[in-house]
Structure formats: C-alpha cells, structure tokens
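Written out below as structure tokens is the structure these notes cover.
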Amino acid sequence: MSGTCKYSCDTATHTLQWINAIIDFLRPYAFLIHSHVVNFFKDRQWEAVDKEWMDCLRKDPVENLLLIPSGVVQDFVLNLRSLVFPREPADLHMSLPGMHMVSVNSVLAQGMNMKKKHEVEVLSAIVSSIADSVRAHTIVDVGAGQGYLAQVLSFQYQHSVIAIDACSHHGRVTDARAERIKKHYAAQMRKSKSGNGRFNVPKTVTCRVISIDMLKTLTGMSLHKGDAEHLGFFEEDNTKLIEEKPKSQCVANSGTSLVLAGLHACGDLSVTMLKAFLECKEAKAVVSIGCCYNLLSEEGADNIETHCGFPMSSGVKSAVFPLGKSSRDLACQSAERWRSLEKDDGLHNFELHSFRAAFQLVLSKYYPEVMETSPSIGRQGKALRRRQQRKVEAPLHHKEVACPHFHPNQKGSFPNIDPNEPETDETSRLATDKDALLNGISSCESTRCVGPKSVDKYKHFEKFTRSGLCRLGLKPLERINFHEIWKEAEPFTELIGPYWSLRAALGPLLETFLLLDRLLFLQEQGHSVEVMMLPIFDPEVSPRNVAIIARKNLPQI
C-alpha cells in the first residue's frame, strides 16, 4: 500500500482544504494525541483504543509494530499516509533553478558531525541561491548556534552574514572558529599568491530574540554600517534593543535588503522569523526549518500573550483545533528513525516505556505532591539505544544505586523537578537514569531471550524505580510495595507497544499540520509573497527536514 499524499498546498485554498482534512481525521483520535505514555497504566489508556485493533496488534511481532502504519489497520493507515506531507528530499535543482551546491571542505566542516554537515551543505546552497535571486546585501542567520551555517555562507559563498544566537558561549566559539578559518584561507592565498586577502567573516550578535520588534531592530541595524558596528553593545542588555529602536530599523526604500535564515530555529523563534519577514520592509526572503514544536507557545493554552507560535494562520485559528503540549511533543517524533530500529532495540524501547509507566504508578501512589508539581517528568530511551548501537554491554551490577541528589534536610522540597521542563533527550534526567540502571543489562537478558522471566523484569523495574527516585531527589519510602506495583502493571505490558506505535504514527501528521499552518499564514498575504514548502534533507539523517521558503514579489513598475 503506497499511502501516497493526495493533497496539494500550492494555493491558500488547497492548503486550507488539506488542513481541514487533517483536523477531521484527528478529531476521533484526540485521546491518542493528548495522552502521554507515562500515564499508560495509571489511566488505563489501552481501554480508549478500539478493542479489535488492540487484539490484532498485540499479536503482532515487534517488527510490525515498529513499522506502523504498515497495513495492520488498513483504513487508518491509508487515510493517515494520504494526509502526511512527503519527506523524501525534493529535486532542489528543479525547485530552485540556478542553485549550485558545493561540498563543504574539511576546514569549514571542522566540528560538524555527519548530520550537521549534511544540513549545512544543503541549506547553505539554498540560502545562497535565494540571496542571489533577491540581490540581498546581508544574510541574517537566526539561532545560529556555533555558526556553522553562517561561516559556510561567508567563507564559501562570500556573503555578508550576521549570526544571532542567545548563547554568548556560542558567539565566542563562532568568532574563534572564524578566526582559525580566516588564517587558513589567508595562508592558502599567500602560498598561491592569489586573491586580495580579504574575507567575509560573520558578525556575531548575542541576543535572546523574544519579540518580532527585537528581531526587526537587529536586522535593521545589521544593514547599516554605523549601527552594525555597535551590535555587540546589546549583548549584555537586550532591553536596550526595544528601548532605543535605532533609526535604521527596517526602513522602507532604504536601498538595502536582507534574507532571514534559520536552521532548526527553536520553538517560537521560527515563527518570529516568518512574522519579522513580513513586517520588515528590508527582509526580501526567508528560509526557515523549524524544530522543537514542544516549546511553541499556543493560543489559549494557559497563555495570555497575543503573539503565540500556534496557530499562526487565520484559517487554523477559525477551525479552533487546539493541540496542547502532548500533541506538540508527538509532532517531534521521527518516524524514519523508529521505523529503522532493530527488533532488539524495539523490544527494549517498549520495555523501557513499561518501566517508566509503572514508575508513574509509584509516583502517583506514594508521591502525589510530585505529580501535582510536575506531571510530566521527561521522555526516555534514545540515550540507552545509542549505547546499545555502540554495542556497549556489561554484566548487571547488583550494588545499590547511589543517591547523590537526596538531602535529608530538604524535606518536602524537590530540587530536581522542573514543571516546565521540555520533554527532550537533552533535558530529560530520567534518560540518564536508564543508562545508570540498564547499562548493565545485556541484550540477551532484556530482549534476545524469548520470554524473559517475570522475576527478572521485576528486578529491573525495581532498580529502575530506585534510580528514578534518586534522580528526582526523593528518598525511597520503606512502605513502597514495588512488587504490588509491578503485579498491577505487568499483565498489560504487552499492550504498551501497540499503543505507543499507534500514537507515534500520528506524529508526522501533527508535524504536517503545524507546518501547513505556517505555510497558510504566508499564503494568506496574497500575491505580495511567493512561498513554497520543500523537504530538503535526508529524513533518516535529519528528521526535521522541511523548509519554508518565501520571497516578496517586487511591485510592478
């Protein structure tokens, strides 16, 4: 079954039709997209799924579950796939005639992993092509990180670039790296006795962009030499950007122009870029690849701000289909990556989810105050899978887990719980727990042997729970009956794989919904903006691979 996407987003009308079709599809599955698997046992989540589906899926081998949607639930699969935006990389030379892609050389690629090199190589060529097409004087790299994209655009494509990032450390790293690259190129020129010895070096700006006005001010200043020389002045006090509003802020007909570019600009930052592109007269084009949908602000979701990251378009606002954090978390799922998991990794993944969901029962029963303070305490799994992929195996250690975070004098306090902690691998403390707990469980013990003894799983669960409590700064209570908790959860552990897989299958559709909202927002501006949405990276290397590319149409004279 192909499940080929049957919708188009070439016009605002077509995009809105697609969006409405997604909403109609998702409404019956609201219980799936708004749930969180950590509450699987506590809320008996499997009971909300069609019993026939669960009876069918629970008999499926793990290979099939990892491939959902794969044909097990045919109508669900076909309809879902027909609504998901395609992820295979587009023919960029056909979509962007005249684009010339150059391999990033070893000097510029220093420090980049394979994923980053792939992303920078492709995106720099696209941004350079767009900048040339609109005759931009400057490219503004928003959320520049360590400056990889900015430096390739500067040194390799010879553009003037401003690199904006909230982290001062990133700015220092970018500057130091640029200086090393500059010295290398200068030495090469001296050897070959060619060139004039002048280079475009990215200008770094440390600033947390918290509003459209702030980004407009920064971009406006970047285009004017006098202001650009003083951009660093705002590194320590962002409020001055709002208070002073230089004369050069996005003045129409100033004769200067820029392109906004963002490689995985986090959360609302991607949205701010798109809005600033429209409001800043000097911004002639924007190339945005978003990420971290879990960090988006959402209208109505306990949010009183007028400028929210979702929804953006009038069409989606009028449809009134709120997502919530669990749904936006789900949009971050990488279908390509979990489909490529090996059987052992898949089994281990489901086992870890069952431990985590059973751990939630412990918290709910014995630490209800923690549930009130932080109902979502993190997603787990990838760190352990990375260890497995490196084939790090060791015998199971039976010594007690150290509990360095617990302090007896902190009664009633929970220093390691952040109620606003995003559910990402980088910030999840319990991901580290899993390493500490299960690093010693060999693949044979946990997955390869058919039908591991219940007592073994119980021991692993207890060790997992003790480690988890320590990481949360909680002392294990003597009255905790670990055996009773596991006895309550174990009969339903075989259902967690089917449930997780069905829910994960909706991730790409939720991401499509979020991306189409951004696309429609730009299309609603009418003929003044030309916009396209393209998958540009290999999705197995870089799952967030969809770029929104927009240009302003010049008025006809």
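From a predicted model like this one, the values you see are computed outputs, not experimental measurements.
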Practice task
Check step by step if side chain to side chain donor-acceptor pair (under 3.5 Å) holds for Thr204 and Asp175.
Solution key: CA-CA 7 Å; Thr204 59; Asp175 287 339; 3.0 Å; yes
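- One side chain, Ser35 or Tyr499, offers a donor N or O that lies under 3.5 Å from an acceptor on the other.
- Residues Ala131 and His159 approach most closely at CB-CE1, 4.0 Å, considering heavy atoms.
- Between Ala265 and Ser270, the shortest heavy-atom contact is O-OG, 2.7 Å.
- Within 6.0 Å of the CZ atom in Arg135, the count of heavy atoms belonging to other residues, nucleotides or ligands does not exceed 12.
- For the pair Phe155/Val201, a side-chain contact is recorded, criterion being any heavy-atom separation below 4.5 Å from C-beta on.
- Distance CG/Leu263 to CD1/Ile126: 10.5 Å, rounded to 0.5 Å.
- Side-chain atoms of Asn545 come within 3.5 Å of backbone atoms of Phe537 as a donor-acceptor pair (strictly under, hydrogens ignored).
- Counted by atom type alone, Thr256 and Glu282 present one or more donor-acceptor pairs between their side chains at under 3.5 Å.
- Only one option out of Leu278, Thr272, Val271 pairs with Lys275 in a side-chain contact (heavy atoms from CB on, under 4.5 Å); it is Val271.
- Using modelled atom types and a 3.5 Å distance limit, the side chains of Asp517 and Ser313 yield a donor-acceptor pair.
- For the pair Val49/Leu57, no side-chain contact is recorded, criterion being any heavy-atom separation below 4.5 Å from C-beta on.
- Rounding to the nearest 0.5 Å places CG of Asn79 at 12.5 Å from CD1 of Ile22.
- In this structure, Phe513 and Phe321 have perpendicular ring planes: the angle between them is above 60°, well past the 30° mark.
- Of all heavy-atom pairs between Leu123 and Leu149, the closest is CD2-CD2, 3.8 Å.
- The closest side-chain donor-acceptor pair between Asn553 and Ser528, if any, does not fall under 3.5 angstrom.
- The distance from atom OG1 of Thr174 to atom NE2 of His169, rounded to the nearest 0.5 Å, is 9.0 Å.
- Between atom NE2 of residue His36 and atom OG of residue Ser327 there is a gap of 11.0 Å, rounded to the nearest 0.5 Å.
- Lys6 NZ: 12 or fewer foreign heavy atoms inside a 6.0 Å radius.
- Residues Ser128 and Leu153 have side chains in contact (heavy-atom distance under 4.5 Å, counting atoms from C-beta outward).
- Between Arg544 and the options Glu119, His264, Glu511, a side chain to side chain donor-acceptor pair (under 3.5 Å) holds for only Glu511.
- Contact of the Val286 side chain with the Leu274 side chain is registered, since non-hydrogen atoms from C-beta on lie closer than 4.5 Å.
- No side-chain heavy atom of Phe310 sits under 4.5 Å from any side-chain heavy atom of Tyr293.
- No cation-pi contact links Lys284 to Phe277, judged by a cut-off of 6.0 Å to the six-membered ring centre and 45° from its axis.
- Taking the side chain as every heavy atom from C-beta outward, Ile33 and Arg503 never approach each other to under 4.5 Å.
- For the pair Ile289/Val546, no side-chain contact is recorded, criterion being any heavy-atom separation below 4.5 Å from C-beta on.
- Inter-residue side-chain proximity for Pro535 and Glu88 is flagged as unmet; no heavy-atom pair is nearer than 4.5 Å.
- Among all heavy-atom pairs drawn from Gly145 and Asp165, the shortest one is N-OD1, 2.8 Å.
- A distance of 8.5 Å separates CD of Gln17 from OH of Tyr7, quoted to the nearest 0.5 Å.
- For Phe76 and Tyr29, the ring centers are positioned less than 6.0 Å apart.
- For the pair Cys9 and Leu519, the tightest heavy-atom approach, listed with the atom from each and the gap, is CB-CD2, 3.5 Å.
- For the atom pair Arg328 CZ and Leu330 CG, the distance stands at 12.0 Å (nearest 0.5 Å).
- Residues Phe40 and His353 place their aromatic rings such that the two centres sit no closer than 6.0 Å.
- When all heavy atoms of Ser334 and Pro543 are compared, the closest pair comes out as OG-CG, 3.4 Å.
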Practice task
Evaluate the criterion side chain to side chain donor-acceptor pair (under 3.5 Å) for residue pair Ser257 and His137; output intermediate values, then yes/no.
Solution key: CA-CA 5 Å; Ser257 61; His137 296 84; 3.3 Å; yes
